[in-house]
Number of protein chains: 2
Amino acid sequence: MKKNKKPESTIVDIARELGISAATVSRALNDHPKISKRTKERVSQKALELGYRRNQLASSLRNSRTFTVGMIVPRISMFFHAEVISGVQNLLHRKGYNLIICQSNDSDEIEKELAATLYSSRVDGVLVASTLYTTDYSHFDVFVEKGIPLVFYDRVPVDPYPAQLVEGDEYRGGYLAGEHLAQMGCTRIAAIFGLLSCSLYRGRLKGFKDALTAYKLEADESRIYFHELTHENALKTLEILFSTKPYPDGLFTANDTSALAMLDFARQRGIRIPEDLKLVGYSNDPRAASVTPSITTIDQFPGEVAIQVVDALGRLLENRTKSILEEPRTVVTPVALIKRQSTNPQ
Amino acid sequence: MKKNKKPESTIVDIARELGISAATVSRALNDHPKISKRTKERVSQKALELGYRRNQLASSLRNSRTFTVGMIVPRISMFFHAEVISGVQNLLHRKGYNLIICQSNDSDEIEKELAATLYSSRVDGVLVASTLYTTDYSHFDVFVEKGIPLVFYDRVPVDPYPAQLVEGDEYRGGYLAGEHLAQMGCTRIAAIFGLLSCSLYRGRLKGFKDALTAYKLEADESRIYFHELTHENALKTLEILFSTKPYPDGLFTANDTSALAMLDFARQRGIRIPEDLKLVGYSNDPRAASVTPSITTIDQFPGEVAIQVVDALGRLLENRTKSILEEPRTVVTPVALIKRQSTNPQ
DNA sequence: CAATTTTGTGAAAACGTTTGCATTCTCCTT
DNA sequence: AAGGAGAATGCAAACGTTTTCACAAAATTG
């Protein structure tokens with residue numbers, strides 16, 4: 001199937017055919033007020049006829065605006081991130097922006113590389129949920145220096161960084177979880193968090209501890225674990241937690257994958273949930289709703305996060321055209337406790 | 001925080017500082033063989049010093065290669081698609097390509113728009129899982145005409161279309177499901193499919209019917225339903241299916257969401273699974289594994305789909321540089337039956 | 001040592017679009 | 001009728017890079 005690729009037609013082609021200048025064609029296509037109605041009609045007619053499509057590259061080069069936004073996420077297929085991406089993409093599309101998606105696979109090396117590529121592509125703005133291990137954010141400096149809108153969300157820099165931040169109310173999430181377990185009568189509460197290098201878990205831990213304190217339960221440090229929140233890691237920790245009596249009667253895991261691991265472990269060891277142990281997860285992963293017993297968890301409202309992220313970006317994009325730069329600002333998105341069977345004594 | 005955006009430095013700046021020509025700088029940066037080692041070193045040294053980053057726009061405009069691939073999917077957050085996107089993004093990144101993601105939200109109007117935008121952005125290739133309703137594929141003609149690599153996957157054109165196709169083995173998936181239900185002793189087998197406008201369900205239906213026939217079970221048309229596969233729709237259909245005895249003793253749903261709906265319905269109506277009814281879903285959604293009873297389903301190996309898609313695209317991209325165009329070709333990716341509790345009589 | 005090849009570099013054009021400024025033409029105004 | 005205003009368009013430069021062609025200098029050859 002030999003294809004004779006037609007060459008792309010340009011405004012120059014249109015101009016030639018119509019016997020006018022390329023400048024006029026350009027203005028006509030952009031609905032410039034000084035161009036006569038008649039010319040505009042002739043131009044758009046001819047454009048259609050020749051199958052003309054604007055070359056966005058050339059346009060962007062000239063205007064230094066690409067109408068493209070870059071997004072770096074740790075893993076596209078994680079439920080929360082997939083939802084945020086989906087929301088962001090829809091919102092940006094409405095504003096006439098494209099979205100370049102990159103995933104760091106939670107490697108800060110790759111993250112660096114991606115930042116460089118996005119800069120090369122001269123994106124108009126960048127959205128980042130960084131890796132769990134990013135502590136040095138200097139690979140984003142180039143965007144700050146060049147005044148390119150930069151928004152961090154979810155996993156945000158721990159130390160002050162001159163960019164917009166959109167973060168979940170991690171403290172409240174942790175607090176709600178701890179409070180709920182306390183209210184349900186747990187006294188030996190254990191918890192599993194991710195590494196504290198990541199902003200997420202710092203907040204959750206603090207909120208969790210404060211809740212226990214508020215309920216006159218000392219947070220027992222020996223029952224709090226920190227590691228990457230995978231299914232396997234969770235099982236290992238649970239082995240330890242349930243190796244010596246008294247067993248914990250409440251468990252907060254900082255993601256739902258670990259909570260699901262607890263369910264497996266419980267089934268295998270004959271631990272009854274919620275009777276013997278009450279369980280709270282985090283993220284409101286769809287699986288948490290469909291397992292038996294369903295898992296009490298903290299919803300992060302990814303749709304709302306998407307809205308806030310795009311909103312913050314939008315403000316920056318507008319300000320940039322006015323070349324006013326905004327103060328770094330932090331937006332906190334809500335969380336909510338979703339009560340389910342795993343903490344419900346009937 | 002007023003920022004004086006530094007202007008971006010260009011190869012011309014480097015050239016000026018070094019007292020050489022821009023052409024030489026360009027060649028040095030691209031590791032052109034004719035440039036002396038010494039010059040290359042001086043250039044890359046100075047580039048680093050000035051914080052130079054290639055302007056990909058200008059480069060692309062000149063070379064008419066953007067190293068960007070566009071991808072149109074119905075919904076980013078659907079499990080299967082999120083997995084494919086994730087795989088594709090990783091593979092493309094390794095090849096030095098960026099990925100622009102677009103979601104059609106299953107609207108063919110939006111799909112059209114997105115195709116036009118991607119063309120405007122002069123992507124080097126396009127990957128498409130079309131909407132459930134796309135029957136007219138002419139908005140992709142522009143890519144075919146201009147010889148831009150185009151790969152359809154998952155939801156592919158039903159009628160012949162001159163592009164590469166990567167589709168799951170839908171026939172086999174349907175067959176495996178029907179066969180398994182038959183082997184487990186079901187005799188009154190019902191099924192719920194999506195609309196037959198979509199390639200997916202045609203294949204699954206045919207395979208399913210053939211399996212029943214092979215097991216001497218006539219496929220009872222009155223027990224086969226077609227509609228958009230949402231939770232609510234499934235419940236409505238189930239109301240009908242379970243309104244008159246004899247009730248079905250086997251059910252195949254063409255996605256897992258509907259299978260989960262069946263689980264809810266069963267719980268509510270006191271139908272025991274698998275004792276009273278055996279259930280097979282499709283897609284191997286993570287929820288299918290974690291519910292009780294866990295749901296037997298068909299895995300589509302999204303990772304493998306990603307590999308095949310990128311492979312097909314890769315061949316096209318290479319051929320394009322040699323300006324040989326490949327015959328349209330169809331690759332079929334495997335599926336597998338994952339047996340779980342919903343069909344397992346202890 | 002002259003002739004030839006090789007090596008390294010530069011000048012300029014090109015990619016397709018946008019835009020500041022200039023220009024033409026028409027239509028008023030006094 | 002001269003001058004001015006306004007409308008519609010054109011000219012040419014610019015965005016930053018790559019590449020063809022040409023050319024000088026250096027190295028090789030006989």
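Reminder, nothing fancy here: chain letters follow the sequence lines and each chain counts from 1. Computed from a predicted structure; not experimentally measured.
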Is there a residue in [range] whose heavy atoms reach under 4.0 Å of DNA chain D, and which residues are they?
range                     : value
residues 24-39 of chain B : B:S26, B:R27, B:N30
residues 15-23 of chain B : B:A23
residues 48-63 of chain A : A:L61, A:R62

Counterpart residues, side-chain hydrogen bond (donor to acceptor under 3.5 Å, both in side chains), relative to A:T39 (two or more places apart)
A:S36
Who pairs with A:D13 by side-chain hydrogen bond (donor to acceptor under 3.5 Å, both in side chains), at least two apart in sequence or on another chain?
A:R16
Which residue pairs pass the ring pair (Phe, Tyr, Trp, His ring centres under 6.0 Å) test when at least one of the two sits in residues 15-66 of chain B, sequence neighbours left out?
none
Axis deviation across the helix from C:dC1-D:dG30 to C:dT30-D:dA1, five-pair ends, to the nearest 10°:
50°
Interface polar pairs with nucleotides 25-27 of chain D, N/O, under 3.5 angstrom:
none

In whole angstroms, the gap separating C1' of C:dA11 from CD1 of B:I11 amounts to 14 Å
Can a donor-acceptor pair be found, under 3.5 Å and without considering hydrogens, that links the side chain of [X] to the backbone of [Y]?
X      : Y      : value
B:S104 : B:T131 : no
B:N63  : B:S59  : yes
A:S9   : A:I14  : no
A:S21  : A:T24  : yes
B:S60  : B:R65  : yes

Suppose the criterion is salt bridge (charged side-chain N to carboxylate O under 4.0 Å, His left out): which pairs have a residue in residues 19-38 of chain A, not counting sequence neighbours?
A:D31-A:K40
Any salt bridge (charged side-chain N to carboxylate O under 4.0 Å, His left out) involving residues 96-107 of chain A? Give me the pairs, sequence neighbours left out, ordered by first then second residue.
A:R75-A:D106, A:D106-A:R155
With B:Y137 via ring-ring contact (aromatic ring centres under 6.0 Å, His included) - residues at least two apart
B:F152
Mind checking what makes ring-ring contact (aromatic ring centres under 6.0 Å, His included) contact with B:Y97, not counting sequence neighbours?
B:F67
Check the pair B:S121, A:N98 against side-chain hydrogen bond (donor to acceptor under 3.5 Å, both in side chains), reporting the backbone distance first and the verdict last.
CA-CA 9 Å; B:S121 300; A:N98 282 330; 3.3 Å; yes
Do NZ/NE/NH1/NH2 and the carboxylate oxygens of A:E49 and A:K46 come within less than 4.0 Å?
yes
Between B:D108 and B:H139, is there a side-chain heavy-atom distance shorter than 4.5 Å?
no
